[in-house]
Number of protein chains: 2
Amino acid sequence: MHTRPPTLSQVAARAGVSLKTASRALNGEPYVSGATGQRVREAADELGYRLNSLARDLRTGGTSPLVGLISGDLANPFYSAVASGVERELRRHGLLLVTANSDEDGQLERSLVEALLERRVRALLVVPGGDSREYQRVRDDHGVPFVFLDRPPAGLAADSVLIDNAGGTQQAAAHLLAGGHRRIALVADLVRTTSQQARIDGFTAAMEAAGNPDWEPYLRTGVHDAATAERTIGDLLALDDPPTALFTTNNRLTTGALRALRGLDRPPALVGFDDFELADVVGTTVIAHDMTELGRQAARLAHERIGGHTGPPRTVVIPTTLIARGSGERPPR
Amino acid sequence: MHTRPPTLSQVAARAGVSLKTASRALNGEPYVSGATGQRVREAADELGYRLNSLARDLRTGGTSPLVGLISGDLANPFYSAVASGVERELRRHGLLLVTANSDEDGQLERSLVEALLERRVRALLVVPGGDSREYQRVRDDHGVPFVFLDRPPAGLAADSVLIDNAGGTQQAAAHLLAGGHRRIALVADLVRTTSQQARIDGFTAAMEAAGNPDWEPYLRTGVHDAATAERTIGDLLALDDPPTALFTTNNRLTTGALRALRGLDRPPALVGFDDFELADVVGTTVIAHDMTELGRQAARLAHERIGGHTGPPRTVVIPTTLIARGSGERPPR
DNA sequence: ATGAAAGCGCTAACAC
DNA sequence: GTGTTAGCGCTTTCAT
């Protein structure tokens, strides 16, 4: 049961060779005679030998083939799509993914960074949830590359992959304005992340550029989950002068919006940031972008740093597309 | 940049103490004077010391605080919900989750098992994708506990957590029969997994028990993705004598069904196995079960084995509930 | 309360 | 081709 796994020297002993010869044989290094190699491999098989990569990694430089990803809960399709992309790209390079859930809590996030660094991960990918000024110190911590996803820490020059928040928001705003809407509600998440802030700023700028101040009474921020979004939107629609259109700044909030609009006779127009499964079925107009690609690009940047790439921090921007599916084309009433 | 991280002996040297004293101080062991402890901690801080858990783990027994989860793509909400539950439970015990995507390919799965065992994970959780006879050998491989999720390898007694497939299928069948349906199409995934097989068997048994052979022409298996499901269901509905109801055996297939039924005047009834986001919005009747809980239970079983629990393999069954939301209550035409 | 020596399982460096 | 020695960074004896 709890027998310790066999070691290389046990294999060597059984094959009647030295430790190093066994090592060479099993690692496919040159300078092992065919017969010897054969015997070693047999011995290993019989013993059920398996390399201890802890020991190997310690010896070969104190680093493991692990890459850490710290994000919010994988139950959120945004994070799981990102994780999927990260994993796919890492696997191409023989790296393994360690996922850790910060619950979007800055303190927990920080301790996870520590834990993963202790594990000697080769790189760390982070979707910062909380206040992220802490990364100033941690950055390039003894050569462990950091890549930030979706929400680069404010004022920190670091490798990062983000969504074209300004552009996407622009598209949404233009689309609704073109549809004749003026009273447009903006329902946004917590403003502490740079991505949410960028979406709010982008929207505000677009409205200003269009000379439309009518939206201002309908700005709602700090809406962090679907249930709150549903309630908030219900309240908005109960106003004397309700908005004729809604723009929700992420998938969770869009879900809440769909619940709030369910069964309504003449629902307001709706555009949501982030595409989502079944958006085609329910006919929701969205600002789509490839979240899996976002993960993949982040993993790619990390891999290049691991490979020794030096040079200034790079930023990859994932483009957005407006996909019209009906909800965003409803006219103002 | 690529300076090697400081080691414990560097900390010790700087604090003017021995290696062991530094170790004691940093690990909060007794028998260190306050002043000494203080000095060591300062030295560590100044150097930016961080424990190398590779080295520690090697020394303390050759095992890491990592637990591996091998499943299909996290982009599938089923797997990501499971992963979320696993991670949450592991975190309570200070364990980290390494996720690996098998793409539901048996060969890749096998190599991932090897890779994770080499990493000396403390336990391995597997959602077997392919033919899983291989686990006979691997099971309890030198004390590394295995837990199987959703699809226990046929004929292998091992810790596992599964969904009440028979019960859930029963509920679906009974619900549709009670609604007056006879020509019920069963759209199922690849039969090579035990869970799919159990759902098909359960459905067949329920139809036999009800004395209804009319469903037989409408059995479709081997449908592995949403697009194929959409096409398959389109074909079914184009038959001279189309089914009046559909039962899809997982979330992917239900998604395909929703696409196939979109815009239809008089769509057939639909019940899907697995709950999914927005099912309430689109009004789909499902056989729901808690996938996150499935992950959590699996992690719990693994943790108990890690803690030394011996005894016969255990099986945890996650119950199912039928949630009527409209689509399953449409009468036969 | 502190330290010296040994060793976890492996590979790098250098013999032979 | 093969073996010997040393050592990765840490913790575990066992002294002192």
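Protein chains get the first letters and strands the later ones, always in sequence-line order, with residue 1 at the start of each.
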**Asked** Starting at the 5' end of DNA chain C, which residue's closest nucleotide do you reach first, Arg120(B) or Lys20(B)?
**Response** Lys20(B)
**Rounded distance (Å) that lies between atom P of dC10(D) and atom CD of Glu29(B)** = 14 Å
**Asked** Any donor-acceptor pair under 3.5 Å linking the side chain of Arg151(A) with the backbone of Phe148(A)?
**Response** no
**Prompt:** Hey, is the main chain of Asp73(A) close enough, under 3.5 Å, to the side chain of Ser84(B) for a donor-acceptor pair?
**Reply:** no
**Request:** Please determine if Arg119(B) and Asp57(B) form a salt bridge, counting it only when a charged side-chain N lies under 4.0 Å from a carboxylate O.
**Result:** no
**Asked** Does the side chain of Gln107(B) pick up a donor-acceptor pair with the side chain of Arg110(B) at under 3.5 Å?
**Response** no
**Message:** Below 4.0 angstrom, which residues in residues 55-62 of chain B have at least one non-hydrogen atom near DNA chain D?
**Reply:** Ala55(B), Arg56(B), Arg59(B), Thr60(B)
**Message:** Ignoring hydrogens and geometry beyond distance, is the side chain of Arg24(B) in donor-acceptor contact with the base of dG3(C) at under 3.5 Å?
**Reply:** yes
**Asked** Nearest-Å distance, CG (Leu8(B)) to P (dT12(D))?
**Response** 13 Å
**Item:** Qualifying residue, where the test is side-chain contact (heavy atoms from CB on, under 4.5 Å) with Arg296(A) and the options are Arg92(A), Met291(A), Glu87(A), Glu89(A)
**Value:** Glu89(A)
**Prompt:** Between dG1(D) atom P and Gln38(A) atom CD, what is the distance in whole Å?
**Reply:** 17 Å
**Complete:** Leu54(B) atom CG is separated from dT11(D) atom P, nearest whole Å, by 13 Å
**Message:** So, OP1 or OP2 of dG9(D): does either fall under 4.0 Å of a side-chain N or O from Thr7(B)?
**Reply:** no
**Message:** Against Val147(A), only a single residue in Val316(A), Leu125(A), Val126(A) fulfils side-chain contact (heavy atoms from CB on, under 4.5 Å); can you say which?
**Reply:** Leu125(A)
**Prompt:** At under 4.0 Å, does any side-chain N or O of Ser23(A) touch on OP1 or OP2 of dT11(C)?
**Reply:** yes
**Message:** What contact category does Leu51(B) fall into here, base, sugar-phosphate, or nothing, at under 4.0 angstrom with non-hydrogen atoms?
**Reply:** sugar-phosphate
**Asked** Checking Thr63(B) side chain against Arg122(B) main chain: does a donor-acceptor pair fall under 3.5 Å?
**Response** no
**Fill in**
Taking five pairs at each terminus, the helix from dA1(C)-dT16(D) to dC16(C)-dG1(D) shows an axis bend, to 10°, of 40°
**Request:** May I ask you to say what Leu19(B) touches in the nucleic acid, namely base, sugar-phosphate or nothing, with a heavy-atom cut-off under 4.0 Å?
**Result:** base
**Message:** Regarding Arg314(A) and Glu304(A), does a basic nitrogen lie under 4.0 Å from an acidic carboxylate oxygen?
**Reply:** yes
**Side chain Ser18(B), main chain Thr21(B), donor-acceptor under 3.5 Å** = yes
**Asked** So, Arg88(B) and Asp103(A), do they make that salt bridge, N to O below 4.0 Å?
**Response** yes
**Asked** Within the structure, does a side-chain N or O atom of Thr36(B) lie under 4.0 Å from either OP1 or OP2 of dA1(C)?
**Response** no
**Prompt:** Can you tell me how far C1' of dT2(C) sits from CG of Asn27(B), to the nearest Å?
**Reply:** 15 Å
**Pairwise 5' ranking along DNA chain C for Ser53(A) and Thr21(B), keeping only the more 5' one** = Thr21(B)
**Item:** N or O in side chain of Ser33(B) less than 4.0 angstrom from dT2(C) OP1/OP2
**Value:** yes
**Asked** Expressed in angstrom and rounded to an integer, what is the separation of Tyr31(A) atom OH from dG1(D) atom C1'?
**Response** 10 Å
